[in-house]
There are 2 protein chains.
Amino acid sequence: MGRNREFDEEQALDAAMQLFWEKGYEATSLSDLTSRMGIQRPSIYSAFGGKKELFEAALRKYTMARASEIRTKLQNNPSVKQAFRTFFEDLVDEEYTEGFSRGCFSINTMVELAPHDEKFEILTREHQMYLSVIFQEAIERGMQSGELEQGTNAKALSQALLVSLIGLTVIMKSRPERSFVDNSVEVMLALLK
Amino acid sequence: MGRNREFDEEQALDAAMQLFWEKGYEATSLSDLTSRMGIQRPSIYSAFGGKKELFEAALRKYTMARASEIRTKLQNNPSVKQAFRTFFEDLVDEEYTEGFSRGCFSINTMVELAPHDEKFEILTREHQMYLSVIFQEAIERGMQSGELEQGTNAKALSQALLVSLIGLTVIMKSRPERSFVDNSVEVMLALLK
DNA sequence: GTAATACTTTACCGTTCGGTATGGTATTAC
DNA sequence: GTAATACCATACCGAACGGTAAAGTATTAC
């Protein structure tokens, strides 16, 4: 009995995710959230708990979506080298096309919250570890198909590529010349051989 | 005429730098600052202007000190390969030795402020560009001495190494297993040949 | 229809925020 | 010594913060 929730919880969470992604945790106020989510303050508390809990839910939603997106992109191409190239180049294209650089929600959180909050240290670490495994599996596929050298250290290489991806994502926030980023991508992709 | 300033401005700025470095801009309050700097609130305003201006002064102090520190480390070793290795390994050691990961003040600022404040976009970009030139000069020295291959693209390589350095610094905030970082460093250093 | 229930809305809570006006105090120039 | 000056410390400002109590409203079960 009783009334049913009027707003779409998933849709509201998505709006919160966009906002936290853009502005980070501290700089996002509850007023920002209510106006963007289209619901009132107590609705946030009844549906999600509080600001921190809402942030965590938003981050979880983001990391799950992002991981499966990356997995798909790397699997869609029969050539592993081409798959990584397209992935990196698309990433750069998107950041330079948009007027604004959101970067990666998980990376932003690693910088803002992970050093002071163990929950987010763990959450972001697990996401990065998961991505590095996705990278590793793609590289191992390339080794099995003969596209990549047999002697390749798939684990170390995937970890280095992930670290480079993070570095790329972060430095683009300072809007360096496009050639800077393009050069870096070329050097990284040359590791795949 | 009139009274002279009682506190050491440079020392107070240094305390502010440490605090902003640890906690970022938004999460650092004026109360935090006054207690750590050992001075009262109006003294901050008369000496530095305001919170944003104090932050900027602290960031400038940091980037200048950091750049010259890095330049020194890369010049101190006759072998460029060894210089980069020591530089990266020391960086990792320091982060894993301390219980707490401050990372790099400029990188933290790139993530927190650069996307929303052009002044810090420019400031952080210029610092990164400066570092990449330091890297490039080191690599070019290595090419002249014959330690590195003549065909090396010094510019692209230095940019890629800088991007990797940023990625390393950031991912360490999530405290991955040490082997993860060590592996990445090995792959990156292998680019120097 | 009725009573119970759970959501929405409004208004408000104490606290903390960045920033400043004010008054006391030490130092300077003369 | 004296007057002018500039720093220091306290107290305070309005605004915004995260969070919640209370009242109104729609929906449910019976």
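When reading the values below, keep in mind they use all heavy atoms of this one structure, side chains included, and skip hydrogens, waters and symmetry mates. Chain A is the first sequence line, chain B the second, and so forth, proteins listed ahead of strands; every chain is numbered from 1.
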Smallest heavy-atom separation, Pro176(A) atom then Arg125(B) atom, equals CA-CD, 3.7 Å

Could you check whether Ser46(A) gets within reach of a base, just the sugar-phosphate, or nothing at all, counting any heavy atom under 4.0 Å?
nothing

Thr34(A) near the nucleic acid: base, sugar-phosphate alone, or nothing, with a heavy-atom cut-off under 4.0 Å?
nothing

Among dT10(C), dG19(D), dG18(C), which nucleotide sits nearest the side chain of Pro42(A)?
dT10(C)

[X] has an atom [atom1]; how far is it from atom [atom2] of [N], in whole Å?
X	N	atom1	atom2	answer
Arg41(B)	dC13(D)	CZ	C1'	12 Å
Phe48(A)	dG18(D)	CZ	P	16 Å
Ile44(B)	dG19(C)	CD1	P	10 Å
Leu33(A)	dA16(D)	CG	P	17 Å
Glu26(B)	dG18(C)	CD	C1'	11 Å
Lys51(B)	dT20(C)	NZ	C1'	17 Å
Leu30(B)	dC17(C)	CG	P	8 Å
Gln40(B)	dA6(D)	CD	C1'	17 Å

Give a yes/no on whether any side-chain N or O of Ser43(B) is located under 4.0 angstrom from OP1 or OP2 of dC8(D).
yes

When the ring planes of Phe88(B) and Phe135(B) are compared, do they come out parallel, tilted or perpendicular, using 30° and 60° as the limits?
tilted

Partner nucleotide of dC30(D) by Watson-Crick or wobble geometry (both distances under 3.5 Å)
dG1(C)

Between Glu137(A) and Arg71(A), is the closest basic N to carboxylate O distance under 4.0 Å?
yes

Output yes when Glu149(B) and Lys193(B) qualify as a salt bridge under the 4.0 Å nitrogen-oxygen rule, no when they do not.
no

Nearest-nucleotide comparison on DNA chain D, the residue closer to the 5′ end among Gly49(A) and Ser31(A)
Ser31(A)

Counting only heavy atoms not in Lys52(A), do more than 12 fall under 6.0 Å of its NZ?
yes

